[in-house]
Amino acid sequence: MKAKLFLILLILSLFYGCSFEKTEWRIDSLFVQKIEGSSKLIYNFNAWGGRDSNLYGFIILDSTEKFKVEVENILPIYQLSGIPNKLNIEGVTHDCYGTCGEPYYKSTSILKPMKIDITNNQGINLITRTYQYKGYSESSNSGRFQFDKFKETKDSLYFYNLNDVESMEEYHLDELRIKKGEIYLYVNKNNEIDKINAQVVQLSPKIKSLIKISNFTLTPKYKVRNEDLSQRGIFREIKLIK
């Protein structure tokens, strides 16, 4: 789904050029995370504009700046692959490499990164690893669980006594470890967590081949307060006035 939207965005940019700059964007969702050891913030957003154009992704801003959609500042990644810090932000994306459309079914899946780009964004190194679309797609999985309790460490969240709420057959996990970096908290008016969405990129330690791309939705069985979780590697939702 993300790949299709990204291709649409590229096509629109070719046809309309600088028209994106003049567009008034309606922000549908907005999340923010503090970048460790820095005055910078990293935002994740989804917005709609004229001609039904859709923008989404990550933008880095100083904490003194007000968020606004600026096309040229969107980071060229789909997902984070680690916790952002003042030195480095690591992320992944994908490209066809001959596997989009009909060739997908005839091609061989490649899991190692096809290329690695290192750029600088406001003094922070952005490391972007691009993977073959088929390899990326076939590494993806998802799940929806209700959890009983959790524990937080410096780099991970551990959830316990999980029941699958998506599959037709009952499925239970005693424990699920989620790497921090791209975890999104949805909080209600009582400052309690309604839902946690976790986008997890697992790469091999040395050559950074894809192991798994996971999308988990987790809901608490009992009340969990927003302040029960730290800010490290976690996005908080910014409530929008509509």
Side-chain angles (χ1 to χ4, degrees), residues 1-18 20 31 33 35-36 38 40 42-46 53-61 69-142 155 178-183 198-215 233 235:
M1 185 63 179
K2 287 185 175 182
K4 290 181 179 178
L5 290 172
F6 192 71
L7 289 173
I8 291 170
L9 174 60
L10 289 177
I11 293 170
L12 286 170
S13 66
L14 290 174
F15 275 101
Y16 301 117
C18 64
F20 272 130
F31 291 82
Q33 177 182 155
I35 296 177
E36 191 173 37
S38 169
K40 308 295 182 183
I42 182 167
Y43 291 87
N44 178 275
F45 77 96
N46 185 72
S53 51
N54 179 217
L55 283 181
Y56 59 88
F58 300 92
I59 288 178
I60 298 172
L61 291 174
V69 177
E70 294 180 328
V71 179
E72 67 276 11
N73 289 334
I74 299 175
L75 303 185
I77 59 175
Y78 288 137
Q79 293 176 259
L80 297 172
S81 54
I83 299 173
N85 62 62
K86 65 179 181 179
L87 299 177
N88 298 304
I89 293 177
E90 298 189 35
V92 300
T93 184
H94 56 74
D95 207 342
C96 284
Y97 293 103
T99 65
C100 293
E102 189 63 29
Y104 180 94
Y105 302 98
K106 301 176 182 179
S107 58
T108 301
S109 178
I110 299 174
L111 300 179
K112 68 179 182 180
M114 306 300 285
K115 68 173 182 175
I116 301 173
D117 296 309
I118 301 177
T119 55
N120 189 278
N121 191 303
Q122 301 193 47
I124 301 173
N125 287 325
L126 176 64
I127 303 168
T128 304
R129 295 183 176 91
T130 304
Y131 294 87
Q132 177 210 51
Y133 172 67
K134 184 172 184 178
Y136 188 98
S137 177
E138 293 188 347
S139 299
S140 301
N141 73 328
S142 62
D155 299 320
I178 301 289
K179 286 175 53 184
K180 293 163 72 172
E182 199 174 339
I183 292 175
Q199 307 278 339
V200 185
V201 177
Q202 292 179 264
L203 306 176
S204 62
K206 292 185 178 181
I207 61 175
K208 302 300 180 182
S209 289
L210 287 170
I211 297 174
K212 192 177 291 184
I213 306 287
S214 301
N215 181 357
F235 283 93

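Just so it is clear, the values below take in all heavy atoms, side chains as well, and ignore hydrogens, waters and symmetry mates. Residues take their numbers from the sequence shown, with the count starting at 1.
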Can you give me every donor-acceptor pair (side chain of residues 115-123, partner residue at least two apart or in another chain, under 3.5 Å) with its distance?
unit_1	atom_1	unit_2	atom_2	d
Asn120	OD1	Gly123	N	2.9
Gln122	OE1	Lys40	NZ	3.1
Gln122	NE2	Ile60	O	2.7

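In this structure, CD in Glu90 is found 8.0 Å from CG in Leu203, a value given to the nearest 0.5 Å. The CD atom of Glu72 lies 8.5 Å from the CD1 atom of Ile59; values are rounded to the nearest 0.5 Å. A distance of 8.5 Å separates CD1 of Ile77 from OG1 of Thr93, quoted to the nearest 0.5 Å. Once rounded to the nearest 0.5 Å, the distance linking CD of Gln79 with OH of Tyr136 reads 3.5 Å. Taking OH of Tyr78 as the start and OH of Tyr56 as the end, the distance is 5.0 Å to the nearest 0.5 Å. Taking CG of Leu111 as the start and CE of Met114 as the end, the distance is 11.0 Å to the nearest 0.5 Å.
Under the side-chain hydrogen bond (donor to acceptor under 3.5 Å, both in side chains) criterion, Asn73 pairs with Glu70, not counting sequence neighbours. Partners of Thr130 under the side-chain hydrogen bond (donor to acceptor under 3.5 Å, both in side chains) rule, at least two apart in sequence or in another chain, do not exist in this structure.
The shortest non-hydrogen separation linking Pro113 to Ile207 is CD-O, 3.5 Å. Taking each heavy atom of Asn141 and Ser214 in turn, the nearest pair found is OD1-OG, 2.8 Å. Between Ser107 and Thr99, the shortest heavy-atom distance links the atoms OG-CG2, 3.3 Å.
At distances below 3.5 Å, at least one donor-acceptor pair connects side-chain atoms of Gln33 with backbone N or O atoms of Gly181. A donor-acceptor pair is defined here as one N or O able to donate and one able to accept, closer than 3.5 Å; no such pair exists between the side chain of Ser137 and the backbone of Tyr133. The main-chain N or O of Tyr104 is found under 3.5 Å from a side-chain atom of Lys134 such that the two form a donor-acceptor pair. When atom types are taken as modelled, the side chain of Ser204 and the backbone of Ser209 share a donor-acceptor pair closer than 3.5 angstrom. A donor-acceptor contact shorter than 3.5 Å is absent between the side chain of Gln132 and the backbone of Tyr97.
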Test Glu182 against Phe58 for side-chain contact (heavy atoms from CB on, under 4.5 Å), laying out the working first.
-> CA-CA 11 Å; Glu182 199 174 339; Phe58 300 92; 3.5 Å; yes

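Side-chain contact between Ser81 and Ile127 is absent, with no heavy atoms from C-beta onward closer than 4.5 Å.
Leu80 pairs in a side chain to side chain contact (heavy atoms under 4.5 Å, CB included) with only one of the listed residues (Leu75, Ile42, Val92), which is Ile42.
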